Amino acid sequence: MPSANCQMPRTRITHKSSNDHPGFSTRAIHTGQEADPQTGAVTVPIYATSTYVQEEIGKNKGYEYARVSNPTRDHLEKNLASLEGGVSSRVFASGMAAINAICTMYRSGDHVVCGDNLYGGVPRLFNQILAGYGIEFTYVDTSDAKSVERAIRKSTRMVYVETPTNPLMTVSDLSAISKFCRGKKVDLVVDNTFMSPYFQQPIALGASMVVHSTTKFLNGHSDGLGGVVVCTKPEQAEQLGFVQKAAGAILSPFECWLVLRGVKTLTVRMEQHDRSGRAVAEFLAKHKKVKKVYYPGLPDHPQHALARKQMTGFGSMITFETGSLQNANKMLRRVRVCSLGESLGGVETLISHPATMTHAALGEEGRKKIGITDGMVRISVGIEDVEDIIADLDQALAAI
Ligand SMILES: Cc1ncc(COP(=O)(O)O)c(C=O)c1O
């Protein structure tokens, strides 16, 4: 069981219910997920249609073509906006499609300040595609709010932050960053994939937009890709709705339904992910073959105090150092309960090797610059019996 080290107060201020504002879990299950008015079905129907019959020219029921809008998608967008505390949201075919959609809001000559440690696909999009369209990117350590402020120029339009970061688990102070972003009229966009809205509410801390790979904790079952942008202003949602229609990287009705189903159990899954994450982090921290553990719930994490303040749980994403590529491979070949593979946030424990998987696109130099080593292993602790996860890691580490 987790020791006192990883404990934090269980009060979840943002999750409190009142008569006119249901609590988080109630909204996860019911907002946008009301019983179907036609049949009473308790789950939102999957509207598998490409088009909608119109009564006459210009007269329809509000739906014309499925790239533009779909009722299953509308239900999901309402639900996710509510969970993040936004005014609305727009869902896309993947997390990367959602991040790309945000970037279409900017123009050649616009400048973006972003974290130097992000999911590897994000700098790949920024450097290898969007820089070619004239958007400029500056990478800084966003855990140092002052260095973010220093990097802002007249042409800066967006600060893009992942917290905690993938895979180094660095935590950035969203309240501090949002304060000067607001003053300078810069959008603060936060990737909240690792924490989910259950443990972290970036909009309440001042973010302008929140992005998720719904592929991860929101769906939670590793059975569909998706992405969402949660907006704080109607004009953002309007612009992103136009991107859905014009660029077309929308989420299919079936995959919207999978996320709608997944979020219904977000609370219970996140609670278990968090409990098991703390236990696994403490096991790894004590293991003699493990050289370092990156987990914001451990007291020696450099932003542990900030994590306690900003998040209501520590989650289940942990990175640890095995010492070398050979050691990492030796242990990864031996895991049985944990599955070796990319991705995270599913009910099953997924274990991966950032240098050759999620962060391969950064190249050796890029990884070295920010401290991603060949010996690093990242684990997304699932909700199997935690004793089995720990026993599996223990026998796999014995191979080193
Ligand atoms: C933190 C984070 N953001 C965004 C993405 C991209 O999401 P997707 O794979 O759904 O495109 C990932 C993917 O692993 C991620 O880990």
Side-chain angles (χ1 to χ4, degrees), residues 76 80 84 89-103 114-130 139 142-143 158 160-172 174 189-197 199-200 202 207 209-230 243 247 249-252 255-256 258-259 262-263 273 294 296 311 315-319 339-346 348 350-362 367 370 372 376-381:
L76 177 61
L80 297 181
E84 280 289 359
S89 79
R90 294 287 176 258
V91 292
F92 294 88
S94 67
M96 289 315 305
I99 296 164
N100 186 55
I102 293 173
C103 293
C114 45
D116 59 4
N117 171 213
L118 301 168
Y119 161 61
V122 178
R124 177 172 57 202
L125 169 72
F126 289 174
N127 300 339
Q128 294 177 236
I129 296 184
L130 298 172
Y139 295 89
T142 54
S143 71
M158 167 167 78
Y160 184 91
V161 174
E162 212 175 272
T163 182
T165 59
N166 181 357
L168 297 171
M169 301 305 296
T170 310
V171 178
S172 297
L174 296 179
V189 176
V190 178
D191 184 332
N192 200 23
T193 300
F194 269 29
M195 281 296 108
S196 91
F199 283 137
Q200 182 167 265
M209 280 177 273
V210 171
V211 67
H212 279 270
S213 165
T214 63
T215 315
K216 320 299 183 196
F217 289 103
L218 289 176
N219 174 310
H221 294 77
S222 306
D223 51 13
L225 249 68
V228 63
V229 184
V230 183
V243 177
I250 46 138
L251 194 60
S252 76
E255 285 183 296
C256 287
L258 286 175
V259 183
V263 291
H273 279 300
Y294 300 77
M311 292 140 48
S316 66
M317 296 304 300
I318 306 164
T319 298
S339 305
L340 174 60
E342 300 204 22
S343 203
L344 59 109
E348 56 289 290
L350 288 169
I351 195 158
S352 66
H353 183 243
T356 57
M357 296 179 173
T358 48
H359 292 73
L362 288 188
R367 288 192 298 274
I370 57 169
I372 299 177
M376 265 180 190
V377 170
R378 191 193 74 184
I379 181 164
S380 165
V381 180

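Indexing begins at 1, ligand by ligand and atom by atom, following the structure's order. The shown structure was predicted, so the numbers you read here are calculated from the model rather than taken from an experiment.
For the residue pair S222 and E348, a side-chain donor N or O sits within less than 3.5 Å of a side-chain acceptor on the partner.
Interatomic distance, N117 CG to S143 OG, rounded to the nearest 0.5 Å: 9.5 Å. Separation of atoms OG1 (T170) and CD1 (I370) is listed at 8.5 Å; rounding is to 0.5 Å. Note that the NE2 atom of H359 and the CG atom of L362 stand 6.0 Å from one another [nearest 0.5 Å]. Remark: M195 CE to H212 NE2 distance equals 11.0 Å, nearest 0.5 Å.
Counting atoms of ligand 1 from 1 in the listed order, those under 4.0 Å from a heavy atom of D191 are 1 (C), 2 (C), 3 (N), 4 (C). Annotation for ligand 1: atoms under 4.0 Å from non-hydrogen atoms of G226 are 10 (O).
The aromatic rings of F217 and H273 sit perpendicular to each other, their planes meeting at more than 60°, with 30° as the lower class boundary.
Assignment of L344 to the shell around ligand 1 is supported, since a heavy atom sits closer than 4.0 Å.
At least one N/O-N/O distance between T215 and ligand 1 falls below 3.5 Å. By the 3.5 Å distance cut-off applied to N or O atoms, M96 is counted among the residues near ligand 1. Inclusion of Y119 in the set of residues having an N or O under 3.5 Å from an N or O of ligand 1 is not warranted. Of the N or O atoms in I99, none lie within a sub-3.5 Å distance of an N or O in ligand 1. For the pair S213 and ligand 1, the shortest N or O to N or O distance falls below 3.5 Å.
Here the side chain of T319 pairs a donor or acceptor atom with the backbone of P167 at under 3.5 angstrom.
Among all non-hydrogen protein atoms, the one lying nearest atom 16 (O) of ligand 1 is N166 ND2, 3.1 Å. Protein heavy atom nearest atom 8 (P) of ligand 1, with residue, atom name and distance: G95 N, 3.4 Å.
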Please output the side-chain donor-acceptor pairs of residues 90-97 that fall under 3.5 Å, not counting sequence neighbours, one pair per line with the distance.
| unit_1 | atom_1 | unit_2 | atom_2 | d |
| --- | --- | --- | --- | --- |
| R90 | NE | A237 | O | 3.1 |
| R90 | NH1 | E77 | OE1 | 3.4 |
| S94 | OG | M96 | N | 3.4 |
| S94 | OG | A97 | N | 3.0 |

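Compare H212, K216, M317, E162 by their heavy atoms: the one nearest to atom 9 (O) of ligand 1 is in K216.
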